[in-house]
Number of protein chains: 2
Amino acid sequence: MKNKRTNGLVNIKSVAQHAGVSISTVSRVMNNTQSVIEELRTRVKNAIEKLGYHPNQVARSLRTGSTKLIGFIIPDITNPAFLLMVKGAEDFLKRKGYAFIVCGMDHSTREETKLLRALLSQSVEGLIVTCSGGQNSDFTQIAESSSIRMVFMDRRYENMNIPYVGVDNADGLQKITDYLIKNGHRSFVYLSGERNTSSAKERLRGFIKSVKEHGIEDFQVMYGKFTFESGYELTRKLKKIPDAIVGGLE
Amino acid sequence: MKNKRTNGLVNIKSVAQHAGVSISTVSRVMNNTQSVIEELRTRVKNAIEKLGYHPNQVARSLRTGSTKLIGFIIPDITNPAFLLMVKGAEDFLKRKGYAFIVCGMDHSTREETKLLRALLSQSVEGLIVTCSGGQNSDFTQIAESSSIRMVFMDRRYENMNIPYVGVDNADGLQKITDYLIKNGHRSFVYLSGERNTSSAKERLRGFIKSVKEHGIEDFQVMYGKFTFESGYELTRKLKKIPDAIVGGLE
DNA sequence: CTGAAAGCGCTTACAG
DNA sequence: CTGAAAGCGCTTACAG
């Protein structure tokens with residue numbers, strides 16, 4: 001009943017023998033893919049139950065090409081902001097029978113490329129990516145030549161023709177800044193996250209648009225990272241206190 | 001060059017044809033598992049490079065029984081405390097060529113069992129588990145009959161003969177409480193996390209041991225969850241303010 | 001409705 | 001050193 005190669009899982013053959021049917025029949029009962037007469041069906045079900053059989057998903061994947069595996073690539077696995085987005089997807093896809101490979105690449109473009117390769121080797125069926133920076137030509141090339149299904153989340157590589165899900169960063173920051181100006185603030189400091197990420201660029205664009213439209217000239221842009229610590233450090237460097245500080249951080 | 005079943009990945013056969021060798025030779029070059037004469041070796045390497053070949057990990061897994069996949073089961077994927085532990089393991093195992101399936105079970109025992117089943121089906125080679133509560137008989141039974149390699153992290157099921165990595169909760173809380181008593185505090189409120197988890201029990205034990213040893217009788221234990229919010233709510237319920245509040249939370 | 005057979009893409013004894 | 005063949009555990013045409 002135990003087998004080293006398969007983590008001790010019983011295989012379809014042993015179920016078939018135990019039930020006195022062919023493996024085809026066992027497969028049909030499991031997947032409900034063709035009708036099987038009641039008699040055999042119950043024998044198979046009993047055997048499955050008795051042996052504690054669970055189908056080997058690796059073999060199934062190889063055969064069907066469907067791994068039921070989705071890969072996530074995010075900048076930092078310990079940042080709750082990213083994990084909340086992952087959880088949203090997880091709650092939905094778990095019900096569809098998918099499992100997840102979540103990988104952090106520590107904001108590293110090289111690591112990002114390595115992860116893409118690793119996840120492709122694992123034959124993930126789809127990939128959700130919050131990318132590391134402004135561009136990554138290796139990543140782009142590999143992804144495009146692989147025909148993997150993929151979607152960007154929160155940040156994207158703009159030169160790639162890949163679907164993207166994210167908030168309207170530019171509009172959000174513009175509205176925030178409009179609001180501050182409407183309330184009488186006239187001098188600004190803007191704190192930006194990693195300057196080459198799409199989200200940082202879009203947010204800055206919204207801020208700039210607002211101050212320009214209102215003819216504000218007293219503003220300064222500071223670049224840091226998408227962390228609380230970075231916001232703290234940047235503000236400590238301030239020479240003079242502005243009317244308002246706008247944070248385009250995470 | 002593209003193939004629907006394999007996400008567009010080139011297979012070993014096409015590499016072999018392109019290089020004019022057998023697939024055995026391609027495999028040997030890739031895995032460096034047997035010597036191959038220079039001439040063939042370079043032809044294979046060129047073919048691999050040119051076609052952008054990456055071996056299908058699913059097929060390799062089925063053959064070798066080694067999926068290079070480690071599963072994590074943690075109570076909540078959005079809680080940084082758990083993710084920091086995951087990251088520690090990740091940093092190490094990534095260098096060994098392993099990928100990760102991280103799953104949150106929302107503190108649900110039923111979900112925990114489902115995840116175990118799913119991860120076994122995916123043929124993970126090992127499992128790292130921070131468990132949901134004090135016991136889960138389905139979980140125990142499935143795990144034990146599967147011979148999966150497994151280790152508990154931070155919390156464990158005490159009735160299982162499985163390795164466990166965690167801090168010495170009892171000793172820690174005892175020292176904290178000793179310290180407070182030494183500094184003159186005489187009345188205590190103890191805030192506990194989910195009362196049936198091993199970590200909550202151990203911590204409470206350390207606290208109790210300390211107060212008993214010092215003959216302190218003015219203490220009260222309150223049960224909540226391992227969250228900041230829970231700590232807040234519990235303290236709001238306090239009728240009178242003690243000398244010290246001891247938090248056995250995360 | 002059922003079973004025997006082919007095949008998914010690899011690795012690895014086996015024979016030469 | 002190399003290739004042809006078996007086999008990992010499934011699914012799915014194919015024949016009956």
Side-chain angles (χ1 to χ4, degrees), chain A residues 1-44 47-48 51-69 120-123 125, chain B residues 1-44 47-48 51 53-69 120-123 125 146:
Chain A
M1 178 168 160
K2 304 243 168 166
N3 175 329
K4 201 167 117 250
R5 297 274 283 275
T6 58
N7 259 330
L9 257 46
V10 190
N11 63 19
I12 196 173
K13 201 170 152 194
S14 56
V15 174
Q17 281 169 347
H18 199 273
V21 299
S22 71
I23 61 169
S24 318
T25 299
V26 177
S27 177
R28 284 172 191 133
V29 171
M30 280 195 310
N31 300 303
N32 236 314
T33 179
Q34 240 181 76
S35 50
V36 172
I37 61 170
E38 201 49 33
E39 157 72 4
L40 297 192
R41 177 180 299 278
T42 53
R43 264 164 42 199
V44 168
I48 288 177
L51 299 176
Y53 171 65
H54 295 289
N56 180 324
Q57 182 61 40
V58 172
R60 184 180 269 173
S61 296
L62 181 60
R63 180 55 224 248
T64 63
S66 158
T67 53
K68 292 285 179 186
L69 224 44
L120 286 178
S121 275
Q122 294 282 359
S123 299
E125 281 184 56
Chain B
M1 178 169 161
K2 306 246 169 166
N3 176 330
K4 199 167 119 255
R5 296 275 283 276
T6 59
N7 258 329
L9 258 45
V10 190
N11 64 16
I12 197 174
K13 201 169 153 197
S14 56
V15 173
Q17 282 169 346
H18 199 273
V21 299
S22 74
I23 61 169
S24 318
T25 300
V26 176
S27 177
R28 285 171 191 135
V29 171
M30 279 195 313
N31 300 304
N32 236 314
T33 180
Q34 239 181 72
S35 51
V36 172
I37 61 170
E38 200 51 33
E39 157 71 5
L40 295 192
R41 180 181 295 278
T42 53
R43 262 164 42 198
V44 168
I48 288 176
L51 299 177
Y53 170 65
H54 295 289
N56 181 324
Q57 181 62 39
V58 173
R60 183 180 272 174
S61 297
L62 181 60
R63 180 54 221 250
T64 65
S66 157
T67 52
K68 292 287 179 184
L69 226 42
L120 286 179
S121 275
Q122 293 283 357
S123 300
E125 282 184 54
S146 81

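Below, chains carry the letters A, B, ... as their sequence lines are ordered, and counting in each starts from 1.
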Glu125(B) and Ser66(B): side chain donor to acceptor below 3.5 Å = yes
[X] to [Y] - nearest heavy-atom pair and separation:
X	Y	value
Arg41(B)	Gln34(B)	NH2-O, 4.2 Å
Val26(B)	Val21(B)	CG2-CG2, 3.8 Å
Arg43(B)	Ala19(B)	NE-O, 3.0 Å
Asn56(A)	Ser123(B)	OD1-OG, 3.8 Å

Do any side-chain nitrogens or oxygens of Thr25(B) fall under 4.0 Å of OP1 or OP2 in dG3(D)?
-> yes
Taking atom [atom2] of [N] as reference, at what distance in whole Å does atom [atom1] of [X] sit?
X	N	atom1	atom2	value
Lys13(B)	dG7(C)	NZ	P	9 Å
Leu62(A)	dC10(D)	CG	C1'	8 Å
Gln57(B)	dC8(D)	CD	P	19 Å

Is the closest side-chain heavy-atom distance between Gln122(A) and Leu69(B) below 4.5 Å?
-> yes
Quick one: which of Asn32(B), Leu40(B), Thr33(B) gives a side chain to side chain contact (heavy atoms under 4.5 Å, CB included) with Val36(B)?
-> Leu40(B)
Only stems of 3 or more consecutive Watson-Crick or G-U pairs count here, both distances under 3.5 Å; name the ones for DNA chain D, or none.
-> C:1-3 with D:14-16, C:5-12 with D:5-12, C:14-16 with D:1-3
Does Arg28(A) have any salt bridge (charged side-chain N to carboxylate O under 4.0 Å, His left out) partners at least two apart in sequence or in another chain, and if so, which?
-> none
Under 4.0 Å protein heavy-atom contact, by nucleotide of nucleotides 11-16 of chain C - B base, S sugar-phosphate only | BBB---
